[in-house]
Amino acid sequence: MDAAMELIGFVRKCIGGFYTVETGSGIFTCKARGRFRKDRISPCAGDRVLLVMEEDGSGALTEIMPRKNYMVRPPVANLDQLFVVASVVEPSANTLLIDKAVATAELNGIEPVVVITKADLGDASQLIEVYTSAGINCCMVSANTGAGLEQVRRLTDSKISAFIGNSGVGKSTLLNHIFPGLELRTGEISQKLGRGRHTTRMVEFYNIGENSYVADTPGFSTFDMERYQLTDKEQLVYGFREIAVVAQGCRYTSCSHTCEKGCAVLAAVRDGQISRSRFDSYVQMYQEIKDVKQWEQKSKRV
């Protein structure tokens, strides 16, 4: 480079204080200016940023562009889609974990997609019905037979997507089969624990086509609502789109939609309009956060 210049880029990954940024002039690895620490904001994967490249080839990330959304865990910004991955067996699908991840997407303005893997090893039709009836896009896939892989691939076209799910459900395996060039690490299921070993340690976006990126994320075995910023009981209903629609017609303005006599949501559950498993997840999540005070919610936000 003959002189310092400013570039706009996309943060592909962050590790050890270094940021890998894709720009129209190439991919650069740089540090962030000290003011980010002072402002208590950290660049993360998915950020659109401004960086200054010096004549000697060194550079610094100087500004984070406004984010359209941000997830604290995994730390990622500007997602179009969140693929919530579960499996038929080894480990069996946990609807509460799925619903917590889906709610995280919904409350951050991210489109959720539920993906059920290992479809050749069991019947996932009832599980798929739960989410399609809620209006959520679903895919049933098998890395062994190839079923459903093309459907997932099409959904990633021209989108920024991340894959999240319980350890061992096959996120990395799924991505490797859809995009063979990624060569992501995969792990075996722990026979002792019945869940997968964590093989993904950080969020990294991979360019899979024009304006298309996918990220694998670290697996989890539990889902702490505080760490995922699901602590506002007044907003929780909006993490369940089918419950939120029915709740609009509820006779009680301050209804929790968990136990109140005459509640429209409870009536819809009894009538089969809302699935019992989705409602049970909502109630369990509400109970987890019902005693969190407003000032505590604010202190947990970034």
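The structure presented is a predicted model; accordingly, all values stated were derived computationally and were not measured.
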**Q** Return the set of residues passing salt bridge (Lys or Arg N to Asp or Glu O under 4.0 Å) with Glu242 (not counting sequence neighbours), or none when no residue passes.
**A** Arg278
**Q** Cys30: what forms a side chain to side chain contact (heavy atoms under 4.5 Å, CB included) with it, not counting sequence neighbours?
**A** Val21, Leu51, Leu61
**Q** Say you draw a straight line from CD of Gln81 to CD1 of Ile160; how long is it, rounded to the nearest 0.5 Å?
**A** 10.5 Å
**Q** Only counting residues at least two apart or in another chain, list the ones meeting salt bridge (Lys or Arg N to Asp or Glu O under 4.0 Å) with Arg12.
**A** Glu22
**Q** Output a table of donor-acceptor pairs, distance under 3.5 Å, between side-chain atoms of residues 125-133 and any protein atom two or more places apart or on a different chain; print 'none' if there are none.
**A**
residue : atom : partner : partner atom : Å
Ser125  : OG   : Asp123  : OD1          : 2.7
Ser125  : OG   : Asp123  : OD2          : 3.2
Tyr131  : OH   : Asp99   : OD1          : 2.8
Thr132  : OG1  : Ile128  : O            : 3.0
Thr132  : OG1  : Glu129  : O            : 3.3
Ser133  : OG   : Glu129  : O            : 2.8
Ser133  : OG   : Val130  : O            : 2.9

**Q** Restricting to salt bridge (Lys or Arg N to Asp or Glu O under 4.0 Å), what partner residues turn up for Lys68, sequence neighbours left out?
**A** Asp80
**Q** Looking at Ile116, Thr117, Val169, which hits side chain to side chain contact (heavy atoms under 4.5 Å, CB included) with Val88?
**A** Ile116
**Q** List in chain and number order the residues that pass side chain to side chain donor-acceptor pair (under 3.5 Å) with Thr23, two or more places apart in sequence or in another chain; answer none if no residue qualifies.
**A** none
**Q** Test of understanding: with side chain to side chain donor-acceptor pair (under 3.5 Å), list the residues that count as partners of Asp157, not counting sequence neighbours.
**A** Arg153
**Q** Who passes side chain to side chain donor-acceptor pair (under 3.5 Å) against Asp120, sequence neighbours left out?
**A** Ser142, Asn144
**Q** Taking salt bridge (Lys or Arg N to Asp or Glu O under 4.0 Å) as the definition, give me every residue that meets it alongside Glu111, ordered by chain and number, with sequence neighbours left out.
**A** Arg241
**Q** Parallel, tilted or perpendicular for Phe83 and Phe163, by the 30°/60° rule?
**A** parallel
**Q** Considering residues at least two apart in sequence or located in another chain, which fulfil the side chain to side chain donor-acceptor pair (under 3.5 Å) criterion with Ser256?
**A** Thr258, Glu260
**Q** Apart from Ile8 itself, what residues make up its hydrophobic cluster, given side-chain heavy atom links below 4.5 Å?
**A** Leu50, Met65
**Q** Could you work out, with side chain to side chain contact (heavy atoms under 4.5 Å, CB included) as the rule, every residue matching Leu182, not counting sequence neighbours?
**A** Leu175, Asn176, Phe179, Leu184, Tyr206, Val214
**Q** Taking the six-membered ring of Phe279, is NZ or CZ of Arg276 closer than 6.0 Å to its centre and within 45° of its axis?
**A** no
